[in-house]
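We're numbering straight along the sequence, starting at 1. Counting convention: from 1, in listed order, for ligands and their atoms alike. Reckoned from all heavy atoms, side chains included, excluding hydrogens, waters and symmetry mates. Treat the numbers as computed from the prediction; the structure is a model and nothing was measured.
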Amino acid sequence: MTTTTESFAKLCSSAVTDDATPIKSLVFKPKTPKSATPIPIVVIALQSTTTPSSLIAQLTGTKDPRLAKDDLIKTFFAAPSAGEFNLGHLLNNSTSEYHLLIDQHLVDLKDSTILKLNGNLFIEKSKAIEYLNELKVAKLQSNIDFTTEVKPQNTSKQQPKDKKEKKALAPSNATLEDAKLIGITVDKALDFPGWYQQVLTKGEMLDYYDVSGCYILRPTSYAIWENIQTYFDSKIKKMGVRNAYFPMFVSSRVLEKEKDHIEGFAPEVAWVTKAGSSDLEEPVAIRPTSETVIYPYYAKWVQSHRDLPLRLNQWCSVVRWEFKHPQPFLRTREFLWQEGHTAFLSEEEAKEEVLEILHHYANIYKELLAVPVVQGKKTEKEKFAGASFTTTVEGYIPQTGRGIQGGTSHHLGQNFSKMFNLSVENPLGSEHPKVFAYQNSWGLSTRSIGVMVMVHSDNKGLVIPPRVAENQAVIIPVGITKKTSIEQRELIHESAKEIEAQLRKNDIRVFGDYNDNYTPGWKFSQYELKGIPLRIELGPKDFEKQQVVVVRRNDSKKIIVPISELTETLPKIMDDMHEVMYQKAKDAFDTHRVTIHDWKDFVPTLNKKNVIVAPWCGVMECEEDIKDSSARKDDGEEFEVDEKAPSMGAKSLCIPFEQPTMKDGQKCIKCNRNAVNYCMFGRSY
Ligand code: 86X
């Protein structure tokens, strides 16, 4: 028999319940000077909840709490040992202070849930909570989210070495008013980086890793990548591109074959120098891109013009050891991408492909991710140095007002084919000079997922566009109360499962959540956090009317749909959601892409989180001048006070294919030369 008080024992039952939810009662002792009496910390949590001591320390304002030894537990709570301690023993202490932390997951359980304490003791959740609330503990904290990140102790400047990108809680003024700790606790509009980090981790897209700049792509984000892969892979295969895989290691001899273009990148190349403890005779690099790996084999494989075109693509990861601040998806040291490398006999064919690929990239953004992009050509300064020209799709992040490159498609001309001797005998005959192949390369990476998250997600969590979402809908039984008969409850569950099977048969990615231990409200928040596009609610009244309530994640719109029409209606709802999400994002981009003609408007417009379209001379020195002159200086000019705002100058993002009409004699926005094009400028990622 345990030594819990009789009054607590009366609340409990010892009848073994197989599906009870196990909970744990832990006592921690914080570090205190030997002479001082410690104030113990009691944690009551689900067995499955991890309760990090760093967070316990932060919540209680104590130092280094450790699990208490038996003697402290005996002294404070008259429990025989730490292992036998449970919440009943709290009654044994009415004199000394202690902290009591209660897990949010426990509080959120349905009242009727049976909890399993140690020693085969069971108690109904409602009774346990009532009991805990009546204890009159001075330092009671309920609804603790044990997954909350810990604030750094020292908020002053940290050395870069310990400076984790894993962000602390938001500054207090950005804290969401009614945010439960389990959900997003920072406002997208007020602390965008803190919000981004929470949306990704709490939405289970990504986790942090102990190599700086590297992140784990969890199934939710990897599924989005797979959907992008499926789409693009089928598009390029239709064009005649084939997939292949080349090694990730590059010898220095091969890497340096492309010296001119590599030069600027050299500091980012990662090298393997050891195997075990012995130095490699020749270190090998890890591919930062695969031109030098692939092109020697193109030269070998192409012997006659009949071997052209040669069009290969590979899906792989690449490593660029950047030293700029890493950002999940946007700037990571390893990332996933596809790189396409193609070679043609004629320049025209090659150039045609460049645009075809760019068009597919634009459609990945528009049709899959519901993100608007501007297609255009990079300036000489911003193009890939190895290319004859670079085309790009450029996106826009409203909260920061910055542009972001979303994918590039290069025409390489004969630059590489001459370097690697990728040539064929002239089809006109051997008396004509041999022809060097015309090449392209093109790439799109998992950065696209970061752009999608930044553009659509909100203060409730992820918002994932339906065409790429791993799960498109979740079915949740609702309105089941104590008064609902068992038969009624069964009917609803059965009906929900039938709907699920029917939808799945029609290729709608759906699952049902029939867990009785959580309230519908708790589930709603969970799936909002995770960005599931549609919630399908089925309650007793709906069942009677043979209908469901469908709720859209992006705008919370509710639609009542007869069960018999669901398979037909859901795809239409999802298409409409996609359209609404795209339009909303497009409106934001369109209203923040401002065409101007006077330099005096340039910096003020930029400082209002806009990108700029302006007439430009096309001269590289002028572009550099624009960048220098638009770097944010504290010159008294009006701009938003935001420490995290970039102070960098505006780069050219692209020369959009879609051009405003140019007036005769129009001058460049910056210098006295005549303008040749409208160019899009902006601060950028
Ligand atoms: C440029 C060019 C090109 C194929 C693409 O943009 C699409 C897919 N490649 C990539 N680039 C580099 O060449 C490069 C080289 C080294 Cl060594 C590096 F460390 C970083 C690089 N970054 C970009």
Q: So, using ring pair (Phe, Tyr, Trp, His ring centres under 6.0 Å) as the criterion, who are the partners of Phe602 when residues are at least two apart?
A: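 Scan of Phe602 (ring pair (Phe, Tyr, Trp, His ring centres under 6.0 Å), adjacent residues dropped) gives Trp599, Phe681.
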Q: Taking the basic N atoms (NZ, or NE/NH1/NH2) and the acidic carboxylate oxygens, is any pair closer than 4.0 Å for Glu204 and Lys530?
A: yes
Q: Using side chain to side chain donor-acceptor pair (under 3.5 Å) as the criterion, point out the one residue from Asn243, Asp233, Thr342 that pairs with Asn313.
A: Asn243
Q: According to side-chain hydrogen bond (donor to acceptor under 3.5 Å, both in side chains), does anything in residues 377-390 pair up with another residue at least two apart or in another chain? List the pairs.
A: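 The answer is Lys378-Glu394, Lys378-Gln405, Thr379-Glu623, Thr379-Ser652, Glu380-Lys383, Thr390-His410.
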Q: Which residues pass the salt bridge (Lys or Arg N to Asp or Glu O under 4.0 Å) test with Glu353, not counting sequence neighbours?
A: Arg311
Q: With a 3.5 Å cut-off and no angle check, do the side chains of Tyr361 and Thr391 form a donor-acceptor pair?
A: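 Note: Tyr361 and Thr391 side chains miss the donor-acceptor criterion.
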Q: Listing by chain and number, which residues have a heavy atom under 4.0 Å from ligand 1?
A: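 Contacting ligand 1 under 4.0 Å are Ile262, Phe265, Glu268, Val269, Pro288, Thr289, Glu291, Arg320, Trp337, Glu339, His341, Phe384, Thr408, His410, Ser441, Trp442, Gly443.
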